[in-house]
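Order of the sequence lines sets the chain letters (A, B, ...), proteins ahead of strands, with each chain counted from 1.
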Amino acid sequence: MMEPMHLQYELEGGNFTKAGFASSEIKKVLKQLNVDAKTIKRIVVSSYEAEVNIVAHAYSGIINAWIDNEKIVLHFNDKGPGIPDIEMAMQAGYSTASPAVREMGFGAGMGLPNIKNNVDLLEINSEVNKGTLVKFTIGLTPEMN
Amino acid sequence: MNNKFFHHALYFSKETCIGCTHCMRVCPTQAIRVRNGKAELLPNRCIDCGECYRVCPVDAVKVEQDDFNLIYNYKYRVVLIPGVFLGQFPEDINQQQIYSVLIELGFTHVCEVETGAEILKSVMADYIDENLHIRPMISSFCPAIVRLIQVKFPSLVNHLIPLKQPLDIAGFYAKQLLIKQGAEQDEIGVFYITPCAAKIAAIKSPVGETQSVIDGVINIDFAYNKVLTIIRQSKSKKFPSAKESNLSPESILWALTTGESSVMRGRSLAIDGISNVIEFLEQLENEEMSNIDFLELRACDESCAGGILTSSNRFFTSERLRNRAKSVQHPAERNENDIHNFREYLSKHFSIEKIKPRSMLKLDENIGSALEKMKKVNELMEILPYVDCGICGSPTCQSLAEDTVRNETEISRCIFIQRILEQKGTFTNEESVKIMKEIWGEGKLDKDLK
Ligand SMILES: Nc1ncnc2c1ncn2[C@@H]1O[C@H](COP(=O)(O)OP(=O)(O)OP(=O)(O)O)[C@@H](O)[C@H]1O
Ligand SMILES: [Mg+2]
């Protein structure tokens, strides 16, 4: 088994201008690795949603990505209010987004369901008033899916 | 890989090139390197946008052109002129003068390219409606954009609308019209006056079809100078009045920015300028933009009015076309030769094959090997200076690292690395001079300093 490649990005809560930076960088890497377009799309869509969730709902966060020849593993770790009821948060359409966030075009309550639909493995751990850790894995070769 | 696939209309004149890196710096697909003091083109990456042509200080970037006398291989010689060709000429010269001079130059028929748009606009609008599952749909109008998407945004190729463009439709129409009037297929030659290199490349190696209907190209600057000279030299001469074109205002404006987007139904955006387009496509790859129906993307600022081969200021060209569109009396009269009467025939020729990606970004076919290479690239980036000076002959530090990992160059071409190695005593001045000469040729280093 080869040593995976590690990438890391930091995020600030409330800074929507920067949201999407990490997914964009990850996309560049995946294109260079000749990962097929559909898989890249799934990865970029999910990491973008997870990234926006940190910016929209938390105070600060760190994204870690590990890529090997079979899969990408992504960890979105934030300091923030946490998610009291994860099952509810996963429901399509559920959102606690503030009016200000909705104003910016977010807050449809589709982020987490969208992630779930696009990833192969998903795990969310959260502690209220501390933070949230969203982890997911996506296979890089079509036959793994 | 088939060489014809990567046919380019742009090439560098080795004699003229002074090895200055202007072109290498502006190339949006990083398709240029400097070797032996001369710019070299990487054919897999070049999209014929012509940014290099614009910045070259010594005119070493050339655009190929067919021999004008090629037209005499045909009995019927049709010239297809784009609206921006008419838009090159000052206001005191009218369309009829230009038409008749073109006939004087040896053509037998003149047809406006945008005639094809008369038919395409509804076909394209219907196509967009019928393919609701693909949003946004991207116009294939600009060949540099089609190639850009193929090499740099492979995930977006299925957004490209696989329909022929006004130029090809007008070409089919012109040929069919002459055949209807008794000409034989092989007696007809159709020639296009082109404002850019990308159109030439698209004709010589079309994407999504095997052969173009266009038989030859004439560069717009060449045609403009020829026509203008004749008009200016024959001031007093009366030109026979050619028949007025009956293009609709929308078609007249087709090749300008918003020419397509303003005609398509639904939510449409128009973006011109290659760096604006790249910025937008980067975002499109990251986000869902399914609420946009249509994207008009053009490589040149002010679209075809800003084509690299044009002579007139692009803003004046646009203004002239907009004035012309305003002055159109409607509805125009139609006769039996009108393109609308050829709709059924043309509809057999509308579609092109699926456009395939040909990514230039991958470091290797195999993910595992690509990953190994990327790790090496990242290691190299740790020691490179992030100055992007271009002295190594690659456009950026990142591209030097990638070229090195692909075994196309060596990391010791970086002058910073050379200094580091010299400090360590593992590299001599002779060695670095030798490397510099490999990149820049003898001349730049063999100079007398007083
Ligand atoms: N990192 C997080 N920290 C705290 N709460 C979160 C976090 N991520 C999601 N949530 C909570 O889960 C809810 C649902 O998240 P989801 O991403 O599905 O929708 P949204 O972010 O509200 O809207 P959308 O993603 O459609 O713009 C959020 O409204 C928020 O209450
Ligand atoms: Mg969300």
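- To the nearest 0.5 Å, the span separating OG on A/Ser23 from CG on B/Asn286 amounts to 6.0 Å.
- Dense packing is recorded around CD of B/Glu408, with more than 12 heavy atoms of other residues, nucleotides or ligands lying under 6.0 Å away.
- The two atoms that bring B/Ile367 and A/Leu33 nearest to each other are CG1-O, 3.6 Å, heavy atoms only.
- Residues from residues 374-388 of chain B that place a non-hydrogen atom less than 4.5 Å from a non-hydrogen atom of chain A comprise B/Met374, B/Lys375, B/Asn378, given in numerical order.
- A 6.0 Å sphere centred on NZ of A/Lys79 holds no more than 12 heavy atoms belonging to other residues, nucleotides or ligands.
- Looking at A/Lys31, its side chain never comes within 3.5 Å of a backbone N or O of B/Pro154 through a donor-acceptor pair.
- For B/Glu279, the CD atom sits in a loose shell: 12 or fewer heavy atoms of surrounding residues, nucleotides or ligands are nearer than 6.0 Å.
- Smallest separation of non-hydrogen atoms from B/Leu371 and A/Asn69: CD2-N, 3.6 Å.
- More than 12 heavy atoms of other shown residues, nucleotides or ligands fall within 6.0 angstrom of atom NE2 in B/His159.
- Proximity of a side-chain donor or acceptor of A/Asn34 to a complementary backbone N or O of B/Glu365 within less than 3.5 Å is detected.
- Contact annotation for A/Ile67: both backbone and side-chain heavy atoms come within less than 4.5 Å of a heavy atom of chain B.
- With a 4.5 Å cut-off on non-hydrogen atoms, B/Glu285 touches chain A through its backbone and its side chain both.
- Few gaps surround NZ on B/Lys362; more than 12 heavy atoms of other groups in view lie less than 6.0 Å from it.
- Remark: B/Glu282 engages A/Lys27 in a salt bridge, criterion side-chain N to carboxylate O under 4.0 Å.
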